[in-house]
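Since the structure comes first, as structure tokens, the remarks are kept for the end.
Below, all heavy atoms of this structure are taken into account, side chains as well, without hydrogens, waters or symmetry copies.
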Amino acid sequence: MGTHNHHHDYNFGEKFQFAGIAKILSLVGIAVGVVAIAFGLLSSDHIMVERTYANLLLMGYYFTCVCAAGAFFLALQFVTQSGWSAGLIRIPQAMASVLPIAAFILFVIVGLGLFTHNLYHHWHADGLMDENSPNYDALVAGKQAFLNVPGFLIRQILFMGSYSIFAFILAKLSYQEDLEGGLNSYKKSFKLSAIFLVIFGFTTPIWSFDTVMSLEAHWFSTMFGWYNFAAMWVSGLATIIIILVLVKKAGYLSWVNENHLHDLGKLLFGFSIFWTYVWFAQFMLIWYANIPEETVYFYKRWEPEYKPWFWLNIVINFLAPLLLLVDRSRIRSSNALLFTAILLLCGHWLDYYIMIMPGTVESHRGFGFIEIGTAIGFVGLFTFLVMSKLSKHALAPKNHPFLEESLHHQI
């Protein structure tokens with residue numbers, strides 16, 4: 001009896017209204033992005049064109065990673081049979097639903113980058129694999145079995161395609177559960193998630209080797225995949241927190257409280273430390289071994305134009321969450337958590353910037369209208385797509401078997 005009375009306090013059928021200033025701002029953001037990208041691509045200066053491609057890769061990859069992290073969050077909740085997150089699951093679901101679009105955009109960017117030689121020219125340039133050519137590069141030629149255009153594009157399609165299919169089905173099953181009730185959808189989701197997590201776990205490192213590490217084809221690090229995974233997961237958690245807090249401030253999701261924020265904040269805190277651990281492990285081993293072909297990666301990033309950014313990256317992504325989220329009262333305050341999540345999203349933009357720029361534009365790096373405009377454009381696009389998706393369905397999965405547990409969640 002008690003549970004039924006409890007349910008009447010909440011309107012589980014409520015839908016998010018995506019309109020007004022939020023919608024206008026997201027469309028303005030998209031327009032700014034289009035202008036910035038057009039400005040860069042149509043420039044007569046080759047360096048500007050290359051810089052635009054580098055920024056497109058950065059934001060396309062970031063956008064796809066955040067949506068993939070939404071799908072990963074979903075799968076993780078199903079496999080661990082978590083109850084606490086049931087009330088807010090529609091947010092990562094909306095992110096996962098947008099993954100096919102994000103994946104398509106990233107695929108177009110890497111494809112165009114390859115064929116115009118603005119990206120990946122370290123391994124995809126004329127004569128690199130040909131012994132008789134003056135451009136011959138023995139190191140790159142040795143990696144030809146992996147670094148070739150057909151293989152590269154096929155892997156992109158396979159990886160991003162499989163993530164997109166799983167993300168789409170997981171979201172669809174949850175919406176089906178709203179209509180049908182019962183445990184059928186949940187059991188299917190559990191099985192699918194288990195398969196997805198295995199595929200995702202084994203393929204994301206290779207996906208990041210292809211998309212980002214191959215920009216500097218001489219260098220490799222076995223830690224790079226996990227380093228990228230940590231960045232993806234922290235960015236995804238930060239995005240879930242930002243959407244959750246803002247949607248709550250707009251007067252929705254009354255059943256989500258500071259206990260749920262506390263859990264998300266703890267994940268954000270813990271995985272920021274994990275990101276630092278992987279970053280430090282990669283850096284320290286390379287610094288200590290001091291082998292020329294390994295140190296070349298950090299040597300580039302210690303040039304005067306990158307070094308301040310290099311250290312700022314650690315301050316924002318490690319020190320800031322450590323100091324801001326170590327206190328229980330702050331982690332439970334939606335404003336403090338919102339501030340930290342926004343800071344970390346900017347921090348991980350910088351993290352990707354330091355991963356991508358030295359291998360593309362090298363010493364010609366810039367920070368101006370192209371960088372800021374492209375970022376605003378993708379943020380606008382993400383907001384528009386995810387919030388439109390969020391507004392299409394009820395904000396609570398009313399037939400979720402663990403919804404009741406989520407309502408009583410307390411820590």
Side-chain angles (χ1 to χ4, degrees), residues 22 25-26 29 32 55 58-59 61-63 65-70 73 88 91-92 95 227-250 256 258 260-280 283 301 306-357 367-368 371-383 386-387:
L25 279 176
S26 68
V32 170
N55 276 290
L58 193 166
M59 284 313 296
Y61 183 61
Y62 202 169
F63 178 23
C65 280
V66 166
C67 293
F73 185 93
L88 55 92
I91 292 170
M95 288 156 61
Y227 167 48
N228 267 259
F229 171 76
M232 172 199 301
W233 186 223
V234 170
S235 314
L237 287 167
T239 308
I240 292 170
I241 288 168
I242 292 167
I243 299 173
L244 178 65
V245 172
L246 294 177
V247 168
K248 242 186 109 53
K249 280 185 189 295
V256 177
E258 67 276 9
H260 302 90
L261 283 175
H262 191 161
D263 261 350
L264 283 166
K266 282 194 295 190
L267 283 169
L268 193 66
F269 176 78
F271 280 98
S272 289
I273 308 292
F274 175 70
W275 174 87
T276 314
Y277 158 70
V278 183
W279 182 93
F280 179 74
F283 174 73
R301 283 151 184 81
Y306 289 109
K307 203 164 184 180
W309 299 96
F310 182 83
W311 291 119
L312 183 65
N313 185 17
I314 287 296
V315 171
I316 296 180
N317 292 321
F318 170 59
L319 268 184
L322 181 72
L323 300 174
L324 291 169
L325 295 180
V326 78
D327 179 30
R328 179 182 163 94
S329 61
R330 288 189 64 84
I331 216 171
R332 290 171 80 87
S333 134
S334 58
N335 286 343
L337 200 53
L338 179 66
F339 173 76
T340 313
I342 292 171
L343 184 68
L344 278 173
L345 273 190
C346 297
H348 282 287
W349 179 87
L350 179 61
D351 187 26
Y352 287 134
Y353 182 85
I354 293 166
M355 276 186 227
I356 288 170
M357 292 299 164
F367 184 74
E371 279 71 20
I372 296 164
T374 310
I376 289 172
F378 273 90
V379 170
L381 182 64
F382 177 84
T383 308
V386 172
M387 294 322 233

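The shortest heavy-atom contact between A341 and I242 is CB-CG1, 3.7 Å. Scanning both residues, F318 and T276, for their nearest heavy atoms gives CD1-OG1, 3.1 Å. The shortest non-hydrogen separation linking A320 to L343 is CB-CD2, 3.5 Å. The heavy-atom pair separating L325 from G265 by the smallest distance is CD1-O, 3.9 Å.
Between W233 and F274, the ring centre distance reaches or exceeds 6.0 Å.
The distance from atom CZ of R328 to atom CD of E258, rounded to the nearest 0.5 Å, is 9.0 Å. To the nearest 0.5 Å, atom CD1 of residue I356 and atom OH of residue Y62 are 11.5 Å apart. Between atom SG of residue C346 and atom OH of residue Y353 there is a gap of 14.5 Å, rounded to the nearest 0.5 Å. Atom CG in L312 sits 14.5 Å away from atom NZ in K307 (nearest 0.5 Å). Atoms OG1 and CG, on T340 and L324 in that order, are 4.5 Å from each other to the nearest 0.5 Å. The structure places CG of L319 at 8.5 Å from CD1 of I314, a figure rounded to the nearest 0.5 Å.
Put simply, the side chain of L261 reaches to within 4.5 Å of the side chain of L244, judged on heavy atoms. Put simply, the side chain of W309 does not reach to within 4.5 Å of the side chain of R301, judged on heavy atoms. H348 places none of its side-chain heavy atoms less than 4.5 Å from the side chain of I316. Annotation: side chain of F73 is in contact with side chain of L264 (closest heavy-atom distance under 4.5 Å). Between F63 and V379, the closest side-chain pair of non-hydrogen atoms is not below 4.5 Å. A 4.5 Å side-chain heavy-atom check between K266 and D263 finds at least one atom pair inside the cut-off. Looking at heavy atoms from C-beta onward, K249 lies in side-chain contact with L338 at the 4.5 angstrom threshold. Two residues are said to be in side-chain contact when any heavy atoms from C-beta on lie closer than 4.5 Å; F269 and L322 meet this criterion.
Side-chain atoms of N55 never come within 3.5 Å of backbone atoms of T374 as a donor-acceptor pair (strictly under, hydrogens ignored).
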* **Derivation and outcome, ring pair (Phe, Tyr, Trp, His ring centres under 6.0 Å), residues F310 and W279** => CA-CA 12 Å; F310 182 83; W279 182 93; 5.6 Å; yes
* To do: Carefully, step by step, assess H262 and L337 under the rule side-chain contact (heavy atoms from CB on, under 4.5 Å).
  => CA-CA 9 Å; H262 191 161; L337 200 53; over 6 Å; no
* **Candidate pair Y306 and M357, rule side-chain contact (heavy atoms from CB on, under 4.5 Å), full reasoning** => CA-CA 9 Å; Y306 289 109; M357 292 299 164; 3.5 Å; yes
* Asked: Step by step, would you call V66 with M232 a side-chain contact (heavy atoms from CB on, under 4.5 Å)?
  -> CA-CA 6 Å; V66 166; M232 172 199 301; over 6 Å; no
* Begin from the C-alpha positions of L344 and S235 and carry the test side-chain contact (heavy atoms from CB on, under 4.5 Å) through to its verdict. => CA-CA 7 Å; L344 278 173; S235 314; over 6 Å; no
* Asked: Going through the checks in order, is the ring pair (Phe, Tyr, Trp, His ring centres under 6.0 Å) test met by Y352 and Y61?
  -> CA-CA 9 Å; Y352 287 134; Y61 183 61; 5.4 Å; yes
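By the 6.0 Å contact criterion, CZ on F280 is open, its count of non-hydrogen atoms from other residues, nucleotides or ligands being 12 or less.
At a cut-off of 3.5 Å, with distance as the only test, a side-chain donor of W275 or D351 sits close to an acceptor on the other residue. Between D327 and S329, the side chains place a donor N or O and an acceptor N or O closer than 3.5 Å (distance only, hydrogens not considered).
When the options L246, I240, T239, I241 are evaluated for a side chain to side chain contact (heavy atoms under 4.5 Å, CB included) with I243, the one that passes is T239.
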